[in-house]
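All remarks here apply to the structure that follows.
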Amino acid sequence: EAGVTQFPSHSVIEKGQTVTLRCDPISGHDNLYWYRRVMGKEIKFLLHFVKESKQDESGMPNNRFLAERTGGTYSTLKVQPAELEDSGVYFCASSQEGGRDAEKLFFGSGTQLSVL
Amino acid sequence: GQSLEQPSEVTAVEGAIVQINCTYQTSGFYGLSWYQQHDGGAPTFLSYNGLDGLEETGRFSSFLSRSDSYGYLLLQELQMKDSASYFCAVRDNYGQNFVFGPGTRLSVLP
């Protein structure tokens, strides 16, 4: 079974540019989450999809961040325009819907974003 | 809102036992989970407690006391490969997002 995959693994961009991160969850996982870890600190929640619907986007820092999950499969997170403080590791995680399985998040390896 | 507290660092020697505590404050509570993350890697799920008591999975055990808003991860027979960051996470209600603690960096010494 393929795990959660994220692309790219690293991205270096200049301030003001646009970057799009992609996440492919485990097939059949309805729940998809985006998290960010900055400077080795806590893992901060960004948003949560259930299938194609945004269940909770309270963690999105501002309107420069846009997440989509068309068709309820893969998801993209676009940052436009990028600022220096957006640097960090962006993790995607997925889980099954319902019961104890919903409590187990499977994480991707993350995208290391560096904004210069 | 929700907040979680964990010790920032713990150091132990190979073969020892270490306990990493987690206290939380949430508006509701659905469960406490633990994740391990090696440097440069992805967080990986270790355990979940929805009810009070101890859950055991090999060398790792996790405990929850809902009345005390407290849990811990117990690692036994420590190995060098256990050196990593450990995060507790809570979900305040089913269907809501997971909130992660600040993480505890465990260093296992020979």
Side-chain angles (χ1 to χ4, degrees), chain A residues 2-7 9-10 21 23-26 29-51 53-60 67 88-112, chain B residues 1-9 22-24 26-51 53 55 57 60 62 64 71 83-107:
Chain A
V4 177
T5 56
Q6 292 186 244
F7 181 84
S9 57
H10 294 81
L21 314 181
C23 169
D24 286 75
I26 292 173
H29 281 193
D30 288 340
N31 291 303
L32 187 149
Y33 302 82
W34 282 98
Y35 287 87
R36 176 171 70 174
R37 192 175 188 199
V38 177
M39 295 293 291
K41 295 184 178 176
E42 61 192 285
I43 301 171
K44 298 211 73 171
F45 168 78
L46 295 177
L47 88 159
H48 170 207
F49 284 99
V50 177
K51 297 183 180 178
S53 300
K54 290 177 184 175
Q55 179 80 4
D56 182 353
E57 53 183 330
S58 62
M60 296 286 262
V89 182
Y90 289 77
F91 289 103
C92 173
S94 70
S95 70
Q96 294 181 350
E97 179 68 10
R100 198 178 175 91
D101 288 335
E103 304 307 316
K104 184 176 180 179
L105 295 181
F106 292 83
F107 279 83
S109 297
T111 295
Q112 172 75 60
Chain B
Q2 304 120 316
S3 68
L4 295 90
E5 291 187 5
Q6 302 178 236
S8 58
E9 293 183 4
C22 173
T23 58
Y24 58 87
T26 61
S27 53
F29 181 80
Y30 194 77
L32 178 71
S33 304
W34 288 91
Y35 288 80
Q36 177 192 62
Q37 186 181 24
H38 288 98
D39 287 345
T44 56
F45 174 84
L46 291 177
S47 68
Y48 166 74
N49 293 73
L51 301 174
E55 293 274 346
T57 309
F60 295 177
S62 59
L64 174 66
S83 292
S85 292
Y86 292 83
F87 296 88
C88 58
V90 298
R91 191 147 73 149
D92 56 359
N93 282 299
Y94 182 75
Q96 302 306 310
N97 74 81
F98 294 84
V99 177
F100 283 78
T104 298
R105 185 165 188 87
L106 171 64
S107 299

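Residue numbering restarts at 1 for every chain, and letters A, B, ... go by the order of the sequence lines.
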Under the salt bridge (charged side-chain N to carboxylate O under 4.0 Å, His left out) test, residues paired with B:Glu5 that sit two or more places apart: none
For the NZ atom on A:Lys51, are there more than 12 heavy atoms of other groups (residues, nucleotides or ligands in this structure) within a distance under 6.0 Å? no
Where [X] and [Y] come nearest, the two heavy atoms and their spacing:
X        : Y        : value
A:Glu103 : B:Ser33  : O-OG, 3.8 Å
A:Phe45  : B:Asn97  : CE1-CB, 3.1 Å
B:Phe45  : A:Leu105 : CB-O, 4.0 Å
A:Ser109 : B:Ala42  : CA-CB, 3.9 Å

Looking only at atom types and distance, does a side-chain atom of B:Tyr35 sit under 3.5 Å from a main-chain N or O of A:Phe107, one as donor and one as acceptor? no
Taking the side chain from A:Tyr35 and the backbone from B:Phe98, do they hold a donor-acceptor pair closer than 3.5 Å?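 Side chain of A:Tyr35 to backbone of B:Phe98: a pair is present.
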Who pairs with B:Ser107 by side chain to side chain contact (heavy atoms under 4.5 Å, CB included), at least two apart in sequence or on another chain?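 Checked B:Ser107 against side chain to side chain contact (heavy atoms under 4.5 Å, CB included); matches are B:Thr11.
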With a 4.5 angstrom heavy-atom cut-off, could you sort out which part of [X] is near chain A: side chain, backbone, both or neither?
X       : answer
B:Gln37 : side chain
B:Ser85 : side chain
B:Phe87 : side chain

